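So the structure is just underneath, and the comments pick up after that.
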Protein chains: 4
Amino acid sequence: MDTVKPTTNLKKAQETMEASKPDTATRILDVSERLFVEHGFEGTSLRMITQQAEVNLAAVNYHFGSKDALFESVFMRRLAPLVAACLAELDRLDAAEGKTTVEELVMAFIRPCLALSKDPSRGGALFVRLLSRALVENHRLLRETISQQYSVFVHRFGKAFKEALPGLSDEELAWRMHLAFGIMFNAFAGNDVLKIFVRSQVVTARDPDMIVKHLLPFVVSGLVAPAQG
Amino acid sequence: MDTVKPTTNLKKAQETMEASKPDTATRILDVSERLFVEHGFEGTSLRMITQQAEVNLAAVNYHFGSKDALFESVFMRRLAPLVAACLAELDRLDAAEGKTTVEELVMAFIRPCLALSKDPSRGGALFVRLLSRALVENHRLLRETISQQYSVFVHRFGKAFKEALPGLSDEELAWRMHLAFGIMFNAFAGNDVLKIFVRSQVVTARDPDMIVKHLLPFVVSGLVAPAQG
Amino acid sequence: MDTVKPTTNLKKAQETMEASKPDTATRILDVSERLFVEHGFEGTSLRMITQQAEVNLAAVNYHFGSKDALFESVFMRRLAPLVAACLAELDRLDAAEGKTTVEELVMAFIRPCLALSKDPSRGGALFVRLLSRALVENHRLLRETISQQYSVFVHRFGKAFKEALPGLSDEELAWRMHLAFGIMFNAFAGNDVLKIFVRSQVVTARDPDMIVKHLLPFVVSGLVAPAQG
Amino acid sequence: MDTVKPTTNLKKAQETMEASKPDTATRILDVSERLFVEHGFEGTSLRMITQQAEVNLAAVNYHFGSKDALFESVFMRRLAPLVAACLAELDRLDAAEGKTTVEELVMAFIRPCLALSKDPSRGGALFVRLLSRALVENHRLLRETISQQYSVFVHRFGKAFKEALPGLSDEELAWRMHLAFGIMFNAFAGNDVLKIFVRSQVVTARDPDMIVKHLLPFVVSGLVAPAQG
DNA sequence: GATGAATGAGTATTCATTCAT
DNA sequence: CATGAATGAATACTCATTCAT
């Protein structure tokens, strides 16, 4: 899909010149990503997508088969590289000598998220929000089709945290990971519960590095806290 | 409306006996609360609501005016008492002698959430999930109509945390609160990011007390952590 | 209905004092008259009526039985006096010595319309518009229930015009009356076809006397014109 | 769309043979025209239209976007040619030598209306009624979107009448046109006010030529009448 | 004498999807 | 490779009317 393929279509080539318009399928993915984040899966209609992507209404079904399949494509386009990047970080830590610290493990997840947030196309930053949306919406697609193949992600992090936090029981460890990953996703997604109560955003962080600065000590402290008697 | 009034209507009395069916508006609220949590606002149709509530389709519009207004009613029915309970906890802490600890402050929020979670009608437990959904869905109603009147909630907690954590800058404090409340809501809502990666639920906690047991040390540690240089 | 009746209802009496609010049925009639003119019969809902009249939604059905019956009441409240006034004018002309002129006959219709237009409650002016609306909308109620009892109106005018315009055949006379009454109703109703083509109103006549000034010579000339060979 | 295109689709060709069924959009327009006349805009539901046109309920929105837009299409389909025909008549009169008479001007409007009334599809005759309905209903669409571009219609007729009736003031002239066009539209639309009072139609004219025969002398006389002192 | 609650049928519109071309 | 046309089902919402109180 990303490979350069010679085009003989002059008209298309010209369009590419003029507006550097990506191809139909990519345009659909880009627009969908944004709209799914803004309005959710149910709240985004194919009409909205195709109008903004300036493609035919039938194009979505033509290229992706169904709205569900489109969602899956939107999702996997970002999820696969993210997971791969995290695993690469873990590999790197495994290869390094000495015991891996909790902070290093946390950064093994944060760093790829950070890269995503800084993605120049802005699509990456949206994806974290999409992920947290999909999570809360508890998508059938998440539970059934998508992922589940990424259990390796959880297992690898689980093993690494177990080694880094030897004092914790398995149950306690699972909870810590649950809380830690939850808080990290929330932070990057910019979900601010307190917005429910006050109009003004409590935290103002457009800068992803600021997120890390405040997030990191919180998460690490939470993870290493002594378990409650 | 709540006053006991003698009823001579046998049929109605029997219905009340059999199913102790609440009145129309309440039935709509109860069903809506559940469905909004399960399928989200957009994903829940008035048909679904009225069918399950066994009321006429037009009843929603009659009693609430619109789907939006219904959502607001569903929301405020729980939010108002929750906020009130939190503020009462803060009042209690203010009245007590001695400096309030971070843990006490955290519990000032957790305790009402816990009460909600243990609500025998199960509606309370749902509400926390609804709240986190509404947050992520970034409802226009949340941003505009609902709440905003509860800025007192944030201000009171802000002031209390500032006193309990004198070493933190205002900015740092705002972030800590953002993260702390986020994680607490997530925990009670049962949002588990890791479900994206593995089928099996990582943490199994139907028991609200278990949530607190694992949540409390994590949050407190995160809040009191030394700020990053 | 207009007679003073002793009221023992203190609350009602006070309301009457404060806002000189007419009774429920009259309020409904007044509001309906205006709304039927503005939005037509189909375009006016009982909700619109009852809200503006500040009465209960069920009040219309209670007082009038149905929307159809309400329309009939609105209509007849004005039509009966109008017809009566016209007939009185004709009686006066009959009683007077000398032959009745066409202009006198035209004025026998115009004068009551003028009185209606000058009605201080503004309801009268609306009624002419309502009449022309009902006409164009070709209401079932007009064709069936209402009027038809007013054939005397047409017969009396027909006889009078026949005497005043002895040169015309019966068929020609019927056409002249059709055209003359049509134009007069249109003029008082303020229906301006040319508004379809230009935004600015062609004729600006809020003053009913101006209508007569321009209408009268046109209608009389049309009526007395020699028939086409 | 109007170009002849060879069809190899047997089924479609047969349908065309059997019922000579026009295409979907045209069928909708034809049926709408009739129903809007019979029941008005508000009184005509999309269901009525689509059932009679034997098209899918969603077809109206697909082809026209909304009920409002459909009305506009129905309206403009006839209005544009009518205005064009009138202007052509005026052009012809301008080109002819000698002063244009009032009767010629009146006929410059009547003739296109007559042609419309004699339209074999009957749609034209309906349109005049639709126009008078829309006028009385005072459609938002008439005031805002539709026409307004046809001010040339009024200006051309206005200039021509001014020359043909040099004795009248501008104000008087505007009134005469208002009355004349009103009466002509009414006559062609068959709006008979007297039907309100008697069951039997006063004038019986299915034959458009009869309308002209009686209408013409009335209108011309009205227009050339001496202004009231 | 009047009303709050309720309802079944209706409204315009939008939905994701299909299919012939 | 792509699209205009079409569709059945669903959407939120409004309607006039009824009825127990």
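As the structure is a computational prediction, the values presented were derived from the model and not from experiment. Naming: A, B, ... by sequence-line order, numbering from 1 per chain.
Heavy-atom distances under 4.0 Å link DNA chain F to B:Thr44, B:Ser45, B:Leu46, B:Arg47 of residues 41-50 of chain B, given in residue order. Of the residues in residues 24-35 of chain D, none has a non-hydrogen atom less than 4.0 angstrom from any atom of DNA chain E. Of the residues in residues 52-59 of chain D, those with a non-hydrogen atom less than 4.0 angstrom from any atom of DNA chain F are D:Asn56, D:Ala58. Near DNA chain F, defined here as any heavy-atom distance below 4.0 Å, the residues from residues 65-74 of chain B are B:Ser66, B:Lys67, listed numerically.
When the C1' atom of E:dA6 is taken as reference, atom CZ of B:Phe64 falls 14 Å away, rounded to whole Å. F:dC13 atom P lies 6 Å from atom CG of B:Asn61, rounded to whole Å. Going from atom NE2 of A:His39 over to atom P of E:dT14 covers 15 Å, rounded to whole Å.
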Using atom types as modelled, flag every donor-acceptor pair under 3.5 Å from a side chain in residues 65-74 of chain C to any protein atom, sequence neighbours excluded.
from	atom 1	to	atom 2	distance (Å)
C:Ser66	OG	C:Asp68	N	3.4
C:Ser66	OG	C:Ala69	N	3.1
C:Lys67	NZ	C:Phe41	O	2.9
C:Lys67	NZ	C:Thr44	O	2.7
C:Asp68	OD2	C:Arg140	NH1	3.4
C:Asp68	OD2	C:Arg140	NH2	2.7
C:Ser73	OG	C:Ala69	O	3.2

- Task: Could you go through the side chain to side chain contact (heavy atoms under 4.5 Å, CB included) check for B:Val55 and B:Ile28 one step at a time?
- Result: CA-CA 8 Å; B:Val55 299; B:Ile28 292 174; 3.9 Å; yes
- Task: Could you check B:Leu131 against B:Phe75 for side chain to side chain contact (heavy atoms under 4.5 Å, CB included), going step by step and ending with a plain yes or no?
- Result: CA-CA 8 Å; B:Leu131 219 153; B:Phe75 208 86; 3.9 Å; yes
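The side chain of B:Tyr62 contributes no N or O atom lying less than 4.0 Å from OP1 or OP2 of E:dA6. Listed pair B:His63 / E:dA5 fails the phosphate criterion, with no side-chain N or O lying under 4.0 Å from OP1 or OP2.
Remark: A:Arg129 pairs with no residue by the side-chain hydrogen bond (donor to acceptor under 3.5 Å, both in side chains) rule, at least two apart or across chains. With sequence neighbours left out, D:Ser45 forms a side-chain hydrogen bond (donor to acceptor under 3.5 Å, both in side chains) with no residue at all. B:Arg77 meets the salt bridge (Lys or Arg N to Asp or Glu O under 4.0 Å) test with B:Asp30, B:Glu33; sequence neighbours excluded. Remark: C:Gln52 engages C:Arg34 in a side-chain hydrogen bond (donor to acceptor under 3.5 Å, both in side chains) (not counting sequence neighbours). The side-chain hydrogen bond (donor to acceptor under 3.5 Å, both in side chains) test applied to D:His63 returns no partner, not counting sequence neighbours. For the side-chain contact (heavy atoms from CB on, under 4.5 Å) test, residues two or more places apart in sequence or in another chain that qualify with A:Leu135 are B:Asn191, B:Val193, B:Ile196.
Using a 4.5 Å heavy-atom threshold, the side chains of D:Glu137 and C:His39 count as separate. No side-chain heavy atom of B:Thr24 sits under 4.5 Å from any side-chain heavy atom of B:Tyr62. A:Thr50 has its side chain out of reach of A:Asn56: every pair of non-hydrogen atoms, C-beta onward, lies at least 4.5 Å apart. Residues D:Phe127 and D:Val37 have side chains not in contact (no heavy-atom distance under 4.5 Å, counting atoms from C-beta outward). Between B:Asn61 and B:Leu46, some side-chain heavy-atom pair lies under the 4.5 Å cut-off.
Consecutive Watson-Crick or G-U pairs involving DNA chain E, each under 3.5 Å on both distances, make up stems of three or more pairs at E:2-21 with F:2-21.
For B:Val31 against B:Ile49, the heavy-atom pair with the smallest separation is CG1-O, 3.7 Å.
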